[in-house]
Enquirer: 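Sharing a structure here in structure tokens format.
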Amino acid sequence: MAALAYNDDFLQIVASGDHEAYQELWQVLEPLLRRFVRRLIGHAEAVDDVMQDVSIALYHNLHRIKPIENIRPYAFGVARNFCYEELRRQQRRPTMQMDEEEIDRAQVSEREALDDDAEWMALYKEVQQAIDRLPEPHRQTMILFYEEEFSQAEIALMMNTSVGTVKSRLHYARRALKGLLSPDTLSTLNIAFGRRKNHE
């Protein structure tokens with residue numbers, strides 16, 4: 001995961017409540033958070049409202065982020081909470097959805113190893129359907145770890161749980177997927193899982 005391209009001095013300025021500095025930082029965070037929000041709530045109508053709530057809440061709670069370098073996982077945690085409020089209003093469970101642009105970006109290195117786009121789309125659809133069958137905490141943990149590339153400690157922070165719980169959820173999710181995916185798909189995913197697992 002690429003770190004935010006700002007030094008500690010800039011982040012301290014943001015934490016002091018400087019609105020212009022916060023707007024500059026928000027321009028970096030907003031597309032990352034929007035993708036995550038869109039995937040959790042699964043439709044476009046409420047995304048803008050949720051994003052506005054996230055931006056306001058994040059700005060007014062900057063003083064709570066210690067150290068300020070934790071702003072990215074903190075922001076994702078805020079977004080996650082607002083998504084669940086929206087889903088409770090809709091009385092439905094989260095879904096992980098991606099639009100065509102996001103599919104193009106997701107796991108680019110794995111896609112390059114495939115012979116054609118049709119094969120990639122079939123594989124991706126199978127994986128998404130399998131992930132959708134996982135219990136929600138395990139599904140979110142897997143998305144945050146493998147796709148958003150948060151560390152286990154960062155995931156624990158944003159989900160208000162322990163690193164041990166994050167490890168357990170990742171272990172369960174990987175084991176469950178083995179029973180849901182075809183051997184060919186598993187062979188492809190093992191490359192990605194193995195590479196990311198080295199950073200656990």
Enquirer: Are V163 and F76 connected, step by step, through hydrophobic side chains (Ile, Leu, Val, Met, Phe, Trp, Tyr) whose heavy atoms are closer than 4.5 Å?
Expert: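 No, it is not one cluster - the side chains of V163 and F76 are not joined through contacts under 4.5 Å.
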
Enquirer: Test of understanding: with side-chain hydrogen bond (donor to acceptor under 3.5 Å, both in side chains), list the residues that count as partners of S182, not counting sequence neighbours.
Expert: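 With sequence neighbours excluded, S182 shows a side-chain hydrogen bond (donor to acceptor under 3.5 Å, both in side chains) to E126, T185, given in chain and number order.
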
Enquirer: Please determine whether residues I71 and M51 belong to a single hydrophobic cluster, defined as Ile, Leu, Val, Met, Phe, Trp and Tyr linked transitively by side-chain heavy-atom distances below 4.5 Å.
Expert: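 Yes, because I71 and M51 connect within a single hydrophobic cluster, where side-chain heavy atoms sit under 4.5 Å apart.
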
Enquirer: Taking the six-membered ring of Y146 as reference, does the NZ or CZ atom of R174 fall below 6.0 Å from its centre and within a 45° cone about the axis?
Expert: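 No, cation not above the ring by the 6.0 Å, 45° rule.
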
Enquirer: Give, for atom NE2 of H138 and atom NE2 of H171, the distance between the pair rounded to the nearest 0.5 Å.
Expert: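 Interatomic distance, H138 NE2 to H171 NE2, rounded to 0.5 Å: 10.0 Å.
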
Enquirer: List the residues meeting side-chain hydrogen bond (donor to acceptor under 3.5 Å, both in side chains) with N61, not counting sequence neighbours, and say none if there are none.
Expert: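 N61: side-chain hydrogen bond (donor to acceptor under 3.5 Å, both in side chains) contacts with R64.
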
Enquirer: Shortest non-hydrogen contact from A79 to L33?
Expert: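 That closest heavy-atom pairing would be CB-CD2, 4.1 Å.
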
Enquirer: Measure across P73 and M158 and return the closest heavy-atom pair with its distance rounded to 0.1 Å.
Expert: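 For P73 and M158, the tightest heavy-atom pair comes out as O-CB, 3.2 Å.
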
Enquirer: If you measure from the Lys or Arg side-chain nitrogens to the Asp or Glu carboxylate oxygens, is any gap between E154 and R72 under 4.0 Å?
Expert: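 Between R72 and E154 there is no salt bridge, as every charged N stays at least 4.0 Å from the carboxylate O atoms.
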
Enquirer: For G17, does its backbone N or O pair with a side-chain atom of Y59 as donor and acceptor, under 3.5 Å?
Expert: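 Between the backbone of G17 and the side chain of Y59 there is a qualifying donor-acceptor contact (under 3.5 Å).
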
Enquirer: Decide whether F150 and I65 are clustered together by the hydrophobic rule: side chain heavy atoms of Ile, Leu, Val, Met, Phe, Trp, Tyr closer than 4.5 Å, transitively.
Expert: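 Same cluster.
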
Enquirer: Does the side chain of E136 come under 3.5 Å of the side chain of Q140 through a donor N or O and an acceptor N or O?
Expert: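 Per modelled atom types, E136 and Q140 side chains form a pair under 3.5 Å.
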
Enquirer: With distance as the sole test, does T141 use its side chain to make a donor-acceptor pair with the main-chain N or O of P137 at under 3.5 Å?
Expert: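 Yes: the side chain of T141 pairs with the backbone of P137.
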
Enquirer: Measure across K66 and N70 and return the closest heavy-atom pair with its distance rounded to 0.1 Å.
Expert: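 What the structure gives for the nearest pair is O-ND2, 3.9 Å.
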
Enquirer: Do you know which two heavy atoms are closest between L180 and A130, and how far apart they sit?
Expert: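 Minimum heavy-atom separation between L180 and A130: CD1-O, 3.7 Å.
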
Enquirer: Measure across V47 and R38 and return the closest heavy-atom pair with its distance rounded to 0.1 Å.
Expert: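 Residues V47 and R38, closest heavy atoms: CG2-CA, 4.0 Å.
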
Enquirer: Would you please test F10 and L25 for side-chain contact (heavy atoms from CB on, under 4.5 Å) and show each step?
Expert: CA-CA 9 Å; F10 175 82; L25 182 64; 4.2 Å; yes

Enquirer: According to a hydrophobic-cluster definition based on side-chain heavy atoms being under 4.5 Å apart (Ile, Leu, Val, Met, Phe, Trp, Tyr only), do V78 and W26 belong together?
Expert: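 Result: yes, single cluster for both.
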
Enquirer: Is a side-chain donor or acceptor of Y22 paired with a backbone partner of S55 at a separation under 3.5 angstrom?
Expert: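 Answer holds: yes.
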
